[in-house]
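Lettering follows sequence order; numbering is per chain, from 1.
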There are 2 protein chains.
Amino acid sequence: METVGTAVDALPRPGLRERKKQRTRDALVRAALELIATRGYEGTTVDDITAAVEVSQRTFFRYFASKEDVAFFVARLAESHVVDAVRGRPPGEAPLEVLRRAVLDSWDTINEAVEQLVPLDLHMRVYRVIESTPALLAAHLRRATELEEELARIIAEREGLDVDADPRPRILVAAFGGVIRVAERRWSAGDDLSTAAMRDLMTTCLDHVGPALAENWRTG
Amino acid sequence: METVGTAVDALPRPGLRERKKQRTRDALVRAALELIATRGYEGTTVDDITAAVEVSQRTFFRYFASKEDVAFFVARLAESHVVDAVRGRPPGEAPLEVLRRAVLDSWDTINEAVEQLVPLDLHMRVYRVIESTPALLAAHLRRATELEEELARIIAEREGLDVDADPRPRILVAAFGGVIRVAERRWSAGDDLSTAAMRDLMTTCLDHVGPALAENWRTG
DNA sequence: AGGCTAATGTCAGCCACTGACAGATGACAA
DNA sequence: TTGTCATCTGTCAGTGGCTGACATTAGCCT
């Protein structure tokens with residue numbers, strides 16, 4: 001029996017059953033991501049994944065709603081960190097600045113949390129597959145808009161506005177999200193998959209929003 | 001590649017075989033959209049569609065790459081009109097204004113073209129299903145980003161820029177696209193599904209981009 | 001120990017989608 | 001008109017994602 005290593009003393013002690021579930025889920029995630037990163041998404045069947053972990057296909061679908069779902073297990077982690085970072089911004093800060101700083105600042109904690117689960121390198125290889133696989137890219141974009149909706153509500157609450165009455169929260173977040181995706185795409189397409197490179201790209205892209213919306217690009 | 005639009009095309013007369021194909025395709029589209037609009041996307045099987053048209057399932061998949069594909073048949077029409085409208089904008093016009101006017105101005109011609117194929121009302125009901133069905137929404141968003149990529153290239157060309165070197169074209173289009181999607185969503189969620197309502201929503205949303213990105217929302 | 005409950009495996013089946021092969025049908029030239 | 005040919009279509013078999021139903025196993029608790 002391989003133990004997990006880190007001494008986790010949660011208040012309600014996990015219990016054997018709960019720990020077994022955790023191990024199965026993690027094993028499925030790791031096996032799935034490893035296979036997807038090497039063979040590609042369509043080249044990996046659910047049976048491949050379950051065979052690697054030695055569980056039945058049915059069990060896989062009890063842990064994950066779909067084959068897509070397991071590919072975004074790590075991404076879900078990252079999203080929750082971004083949401084927390086936005087919530088943690090000081091009141092009075094300008095909305096756009098809230099988003100900008102939250103995204104840039106959360107990268108380090110995100111990477112830390114990801115490494116608890118899978119090697120960072122694996123996560124990045126999977127991300128490339130997501131960007132280059134139509135079905136996964138589509139799912140990624142849908143997830144992104146759901147995140148945007150959540151962020152818009154948070155921003156609206158900060159500003160004391162009604163999201164459905166005032167369009168600015170959703171518009172700001174949508175524009176911001178679009179820019180972030182441009183950065184993500186450049187990142188996944190480029191050579192440098194480091195965190196620093198990602199931060200630089202996002203900074204650059206965000207700095208160009210103003211000029212891009214300006215009347216005349218020549219004066220830039 | 002079928003060019004449906006302008007009348008300056010079909011010099012070689014269709015031929016019986018070609019006309020039959022056209023009829024089959026149109027019948028499939030109409031049957032599919034009607035079923036999807038009434039029973040919903042997941043409630044409609046490909047067999048339902050092919051049964052309504054009395055062709056084999058195999059034939060359906062020779063006309064459409066997937067079940068999703070048929071749901072976006074009309075949307076493809078609309079997209080090509082937007083692209084044409086952007087290409088037709090006078091040189092010298094500011095990039096953001098190009099997108100804005102192209103989208104707003106093409107709505108009428110789009111509706112005209114759509115009605116050649118299916119009732120406008122049906123198209124709108126299908127659009128609502130797209131927005132509310134996760135799988136279709138995901139596909140819609142992926143298609144939207146592909147359209148954005150095309151528009152970014154056109155904008156870059158207008159301005160004499162290299163899309164991969166200067167980030168502004170993609171950023172502008174991404175931000176613009178995000179705002180458009182907010183408008184689309186409000187439109188599909190609201191009561192008034194008229195063209196005028198859509199145009200108003202888009203105008204309102206676009207007018208709020210500047211203020212939304214501003215430092216302090218209270219001064220608005 | 002024994003009962004309760006939750007996790008898992010097995011099985012059957014639906015649906016989207018595909019390759020291979022065979023038959024039907026316009027297109028076109030002799 | 002007829003025969004050849006390319007193309008469209010249907011049938012069939014099979015794969016893969018996904019689900020419901022039911023039986024079995026295994027942690028939990030008294």
Where do N or O atoms of nucleotides 1-4 of chain C meet protein N or O atoms at under 3.5 Å, pair by pair?
none

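- Using a 4.0 Å heavy-atom cutoff across all strands shown, Thr50(A) reaches no nucleic acid atom at all.
- Ser66(A) and Asp69(A) form no side-chain donor-acceptor contact under 3.5 Å, judged by distance and modelled atom types alone.
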Next on the checklist: Strictly under 4.0 angstrom, non-hydrogen atoms only: write out the protein contact profile of nucleotides 18-30 of chain C, one letter per nucleotide from the 5' end, B, S or -.
Outcome noted: BBB----BBS---
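- Sorted by first and then second residue, the pairs that involve residues 196-205 of chain B and meet salt bridge (Lys or Arg N to Asp or Glu O under 4.0 Å), not counting sequence neighbours, are Asp108(B)-Arg199(B).
- You can see that DNA chain D meets the heavy atoms of chain B within a 4.0 Å-exclusive cut from dA6(D) to dT11(D), reading 5' to 3'.
- For DNA chain D, no neighbouring residue in residues 125-141 of chain B is found when judged by any heavy atom under 4.0 Å.
- When the C1' atom of dA6(C) is taken as reference, atom CZ of Arg19(A) falls 17 Å away, rounded to whole Å.
- Note: Tyr127(B) and Trp187(B) have tilted aromatic rings, judged against thresholds of 30 and 60 degrees for the angle between ring planes.
- One interatomic measurement links the two molecules: NZ of Lys67(A) to C1' of dC17(C), which rounds to 13 Å at whole-angstrom precision.
- Here the side chain of Arg128(A) pairs a donor or acceptor atom with the backbone of Ser188(A) at under 3.5 angstrom.
- Remark: Arg158(B) pairs with no residue by the salt bridge (Lys or Arg N to Asp or Glu O under 4.0 Å) rule, at least two apart or across chains.
- Atom C1' of nucleotide dA16(C) and atom CG of Leu35(B) are separated by 16 Å, given to the nearest angstrom.
- DNA chain C is contacted by both Phe60(B) and Ser56(A); Ser56(A) maps to the nucleotide lying nearer its 5′ end (nearest heavy atom per residue).
- OP1 or OP2 of dT8(C) has at least one side-chain nitrogen or oxygen of Tyr63(A) nearer than 4.0 Å.
- Whole-Å rounding puts the Glu68(B) CD to dC15(C) C1' distance at 14 Å.
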